[in-house]
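Lettering follows sequence order; numbering is per chain, from 1. Source: prediction; values computed, not measured. Basis for what follows: all heavy atoms, side chains included, without hydrogens, waters or symmetry-related copies.
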There are 2 protein chains.
Amino acid sequence: MLVDVIELAILGLLRESELHGYELKKRLREIMGPLSSVSFGSLYPALQRLESGGQVKAVEAADVAPTFPSTGSFAGEAAAFRAATRRVMRGTRNRKVYGITEQGEARLAELIADPSDDERTFPLKLAFCRWCEPEVRLGLLQRRRAQLVERLSEGRRNMRSREERLDRYVRSLMEHDSESTERDIAWLDRLIEEEKTS
Amino acid sequence: MLVDVIELAILGLLRESELHGYELKKRLREIMGPLSSVSFGSLYPALQRLESGGQVKAVEAADVAPTFPSTGSFAGEAAAFRAATRRVMRGTRNRKVYGITEQGEARLAELIADPSDDERTFPLKLAFCRWCEPEVRLGLLQRRRAQLVERLSEGRRNMRSREERLDRYVRSLMEHDSESTERDIAWLDRLIEEEKTS
DNA sequence: GTCATCATGTAAGCCGTTACATGATTGC
DNA sequence: GCAATCATGTAACGGCTTACATGATGAC
């Protein structure tokens, strides 16, 4: 079973709050970065797939968690005001708001637990891992650590075997990559440690 | 003009030495990492495209720079020996060895100079940037730096605006990402500095 | 009233992976 | 001889991006 990035991202975001497609797109961009964020052309069909599969369902527009800009002051009041105005003044009828179903929650847990993770899925899984069992979470972190250790040693091996033929730019690139990987491993070690003590 | 990753990688590698497809694939894997390394299904057609476009040409098999394992000692002799043995003993006739043409070199310079670079093309451009003018190289580094600075501020902005709604995992992820980006910027600063002093 | 943004969707086309097909060479 | 690796290709399939199409809302 291959983990679909879009599916994982949508289910993870809907697990936190109900959202409509357009808003979903913005959140997707926030957590996945400007690059690798999905386009409408794949988001809407993905939502339709998930809906027909029973993982998400359309809900009442009034249930939406609205987007309120971070004005800083009176956040609560501003939010309430905007939520109210939207319901009355703004056409929510043309927005299709989705919520996750029980089946969707089960699917999300399954996706996070799936052992095949890579550069794209790992950050998403980690971002949503509060929705899974502690041991699944620990497994995720440890698997990722093992991958990075492997990557680090492969990188170093490559560097040693080409040593004298490396120009300064390639060398700098490879060294920087190794250092980054080392720091990623140290970061994971901290997370794993925290996970174990709680 | 969109920069094709495969095209850039092939031309960059062939600029250093003549290679056949299979070997090219291995080198590609070394510089691009196991992930994002191209498959045969896209490598061979790409070579054909480049050949019909006149950027690369098939050369005599005897001209091949052979792959010699890094035994460490007597590298030169080992290389000569293997090159000789291959020509005689090994069926080089079924290997199609490619070399870069003058047109290909021009194209490579053009690709590296192209201002549209991203996560995928930047490492490749840097790896091959010794083949371009110093000012082009400096531009590449500075453009990349500007991108990372933008990314860093966007990340921080996102973090601040969601501050209280972040669970520990998302927070850790975002903080780690910011730190990584900061280090990448510092690394680029060192490269830029070196570039200016030489 | 007009422009930017919000909001949802469809369709075509590109590009890359996967799978398939073939055969030589080398080590055991 | 047999398996693993080397070596080169083709074809189908799938998924994602781009572009297109449409319309409401809000700010100035």
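The aromatic rings of B:Trp187 and B:Phe122 stand perpendicular to each other, their planes meeting at an angle above 60°, with 30° marking the opposite boundary.
Within residues 119-126 of chain A, no residue has a heavy atom under 4.0 Å from DNA chain D.
Atoms CG (A:Leu47) and C1' (D:dG15) sit 16 Å apart, rounded to a whole Å. The separation between B:Leu43 atom CG and D:dT10 atom C1' is 14 Å, rounded to whole Å. The distance from atom OH of B:Tyr44 to atom C1' of D:dA7 is 5 Å, rounded to the nearest whole Å. Atom P of nucleotide C:dG9 and atom CZ of A:Arg49 are separated by 14 Å, given to the nearest angstrom. Atom NE2 in A:His20 sits about 7 Å away from atom C1' in C:dA7, given to the nearest Å. For B:Ile6 and C:dC15, the CD1 to P distance is 10 Å, given to the nearest whole Å. One interatomic measurement links the two molecules: CD1 of B:Ile10 to P of C:dG16, which rounds to 10 Å at whole-angstrom precision. Rounded to an integer number of Å, the gap from A:Gln48 CD to C:dT8 C1' is 9 Å.
When distances are taken from the side chain of B:Lys96 to each of C:dC6, D:dC6, D:dG9, the shortest belongs to D:dG9. Side-chain proximity of B:Pro45 to the nucleotides D:dT10, D:dC16, D:dG9 is greatest for D:dT10. In the set D:dT8, D:dC16, C:dA7, the nucleotide with an atom closest to the side chain of B:Phe40 is D:dT8.
For A:Ser39 and D:dC16, the shortest distance from a side-chain N or O to OP1 or OP2 is not below 4.0 Å.
Put simply, the side chain of A:Arg137 gets close to the backbone of A:Cys129: a donor and an acceptor are under 3.5 Å apart. B:Ser42 places no side-chain N or O within 3.5 Å of a backbone atom of B:Val38 that could act as its donor or acceptor partner.
Identified under the salt bridge (Lys or Arg N to Asp or Glu O under 4.0 Å) test for residues 31-49 of chain B, with sequence neighbours left out: B:Asp4-B:Arg49.
Atom CZ of B:Arg29 sits about 11.0 Å away from atom NZ of B:Lys26, to the nearest 0.5 Å.
Not less than 6.0 angstrom separates the ring centroid of A:Phe128 from the ring centroid of B:Tyr169.
In terms of position along DNA chain D, the nucleotide closest to B:Gly21 lies nearer the 5' end than the nucleotide closest to the other residue of the pair B:Ser42 and B:Gly21.
For the pair A:Arg145 and A:Asp184, the salt-bridge criterion is not met [side-chain N within less than 4.0 Å of a carboxylate O].
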